[in-house]
Amino acid sequence: PIDDLELCALDVASSLELTGLAMKQCADRLRNNSTTFKSALRLLTRTADRPGGKIVFTGVGKSYQIGKKLAATFTSVGTPSICIHATEALHGDIGLLAPGDCVVALSYSGATEEVLRMTEHVRRSSGSSASERISVLGMGRSSFSPLGALCDAWIDCAVVAELSDSVNAPTCSSSLMLAIGDALAVLLMNRRQFGPADFARNHPGGHLGRSATQGTA
């Protein structure tokens with residue numbers, strides 16, 4: 001019962017442990033075999049190093065919300081990024097893509113219809129040369145999925161289970177996807193030696209902006 005607050009607190013603690021375990025299991029897989037992850041890194045760094053290149057996150061539902069957060073984080077720490085809803089992409093927003101961009105398609109199932117349709121269109125319409133081509137990086141449960149088959153590289157976000165046994169709402173999987181994205185944003189930030197002064201320039205407002213500005217004064 002919800003009025004047993006001690007049990008509720010313990011239940012939340014258990015959920016946090018399960019989420020942490022999902023992240024540890026992913027980290028262990030990455031340490032044991034980084035081959036596919038390095039392919040994903042090559043796409044991201046190539047785009048980040050290209051003048052005018054940007055990372056374009058896309059998804060629907062919870063994945064779209066994660067994409068919005070990641071695009072904001074990437075941009076604030078020096079890697080220009082946007083997020084477009086896969087449905088809106090099919091109705092004109094795909095025009096935001098430019099040669100040399102990298103699309104990061106977020107779909108845990110790897111079978112989200114709108115994401116598949118957008119990715120298929122990108123693959124058909126993208127240029128053939130390396131400088132004109134729009135690359136596609138997928139993030140989800142398995143590269144052996146309809147989306148995985150369309151992607152140039154894949155980032156494994158698989159989890160053993162979500163937090164609820166009865167309702168399969170994205171919880172552990174969405175937390176892991178977000179954590180991986182944040183780690184990639186910081187990796188690219190460090191790689192380009194984006195420091196406090198750069199962050200202060202990109203983030204003039206709010207407490208973070210004040211702290212960054214004071215720290216570089």
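Because the structure is a prediction, the values reported are computed rather than measured.
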| query | Looking at Ile180 and Cys26, what are the two nearest heavy atoms and their distance? | reply | CD1-SG, 3.9 Å

Output side-chain donor-acceptor pairs under 3.5 Å for residues 114-121, partner residues at least two apart or in another chain, one line each.
unit_1 : atom_1 : unit_2 : atom_2 : d
Thr119 : OG1    : Val115 : O      : 2.7

| If only atom types and distance count, is the side chain of Asn32 paired as donor or acceptor with the main-chain N or O of Asp28 below 3.5 Å? | yes

| Looking only at heavy atoms, which two atoms of Gly67 and Cys83 are closest? And how far apart? | C-SG, 3.5 Å

What pairs of donor and acceptor atoms, side-chain ones from residues 88-103 against any protein atom, are under 3.5 angstrom apart with sequence neighbours left out?
unit_1 : atom_1 : unit_2 : atom_2 : d
Asp101 : OD1    : Lys54  : N      : 3.1
Asp101 : OD2    : Lys54  : NZ     : 2.7
Asp101 : OD2    : Ala98  : N      : 2.8

| message | Return the OG to NZ distance between Ser81 and Lys68, rounded to the nearest 0.5 Å. | response | 15.0 Å

| Where do Gly110 and Pro146 come nearest, in terms of heavy atoms and distance? | O-CD, 3.4 Å

| message | Quick check on the hydrophobic clustering: are Leu70 and Phe194 connected, directly or via other members, by side-chain heavy-atom contacts under 4.5 Å? | response | no

For residues 151-160, dump all side-chain donor-acceptor pairs below 3.5 Å to protein atoms at least two apart in sequence or in another chain.
unit_1 : atom_1 : unit_2 : atom_2 : d
Asp152 : OD1    : Arg123 : NH2    : 3.3
Asp152 : OD1    : Arg133 : NH1    : 3.2
Asp152 : OD1    : Arg133 : NH2    : 2.7
Asp152 : OD2    : Arg133 : NH1    : 3.4
Asp152 : OD2    : Val136 : N      : 2.8
Asp156 : OD1    : Ala158 : N      : 2.8
Asp156 : OD2    : Arg29  : NE     : 2.6
Asp156 : OD2    : Arg29  : NH2    : 3.2

| task | Step by step, work out the side-chain contact (heavy atoms from CB on, under 4.5 Å) result for Val56 and Ile84. | result | CA-CA 7 Å; Val56 182; Ile84 58 178; 4.0 Å; yes

| query | What's the shortest heavy-atom distance between Ala86 and Val60, and which atoms? | reply | CB-CG1, 3.8 Å

| said: The test is side-chain contact (heavy atoms from CB on, under 4.5 Å); show your working for Met23 and Ser175 and say whether it passes. | reply: CA-CA 8 Å; Met23 294 187 186; Ser175 295; 4.0 Å; yes

| query | CG of Leu178 to OG of Ser174: how many Å apart, nearest 0.5 Å? | reply | 8.0 Å

| said: Within this structure, what is the OG1-CG distance for the pair Thr36 and Leu41, rounded to the nearest 0.5 Å? | reply: 9.5 Å

| task | Give, for atom OG1 of Thr35 and atom CG of Leu30, the distance between the pair rounded to the nearest 0.5 Å. | result | 10.0 Å

| message | Using the rule given for side-chain contact (heavy atoms from CB on, under 4.5 Å), can you reason through Val167 versus Ser164, listing the C-alpha separation, both sets of side-chain angles and the distance that settles it, and then say yes or no? | response | CA-CA 6 Å; Val167 178; Ser164 173; 3.9 Å; yes

| task | Nearest 0.5 Å please: distance from the CD1 atom of Ile55 over to the CG atom of Leu44. | result | 5.0 Å

| said: Check for me whether the distance between the ring centres of Phe74 and Phe57 falls short of 6.0 Å. | reply: yes

| field | Backbone of Gly148 reached by a side-chain donor or acceptor of Ser145 within 3.5 Å | value | yes

| query | Among the clusters formed by ILVMFWY side chains lying less than 4.5 Å apart, do Phe37 and Leu147 turn up in the same one? | reply | no

| request: Looking only at non-hydrogen atoms, find the nearest pair between Arg46 and Ser135 and report the distance. | output: NH2-CB, 3.8 Å

| said: Going by salt bridge (Lys or Arg N to Asp or Glu O under 4.0 Å), name the pairs with one or both residues in residues 160-183, residues two or more places apart or in two chains. | reply: Lys69-Asp182

| If you take all heavy atoms of Leu163 and Ser15, which pair is closest and at what distance? | CD2-O, 3.5 Å

| request: Return the set of residues passing side-chain contact (heavy atoms from CB on, under 4.5 Å) with Glu6 (not counting sequence neighbours), or none when no residue passes. | output: Asp4, Leu10

| message | Are Leu184 and Met189 linked, directly or through intermediate hydrophobic residues, by side-chain heavy-atom contacts shorter than 4.5 Å (ILVMFWY only)? | response | no

| query | Is Leu137 reachable from Ile82 through a run of hydrophobic residues whose side-chain heavy atoms are each under 4.5 Å from the next? | reply | no

| message | Applying side-chain contact (heavy atoms from CB on, under 4.5 Å), can you list everything that pairs with Lys38, at least two apart in sequence or on another chain? | response | Ser34, Arg42

| Is any side-chain heavy atom of Ser76 less than 4.5 Å from a side-chain heavy atom of Phe199? | yes

| note | So OG1 of Thr79 and CG of Asp49: to nearest 0.5 Å the spacing works out to 9.0 Å

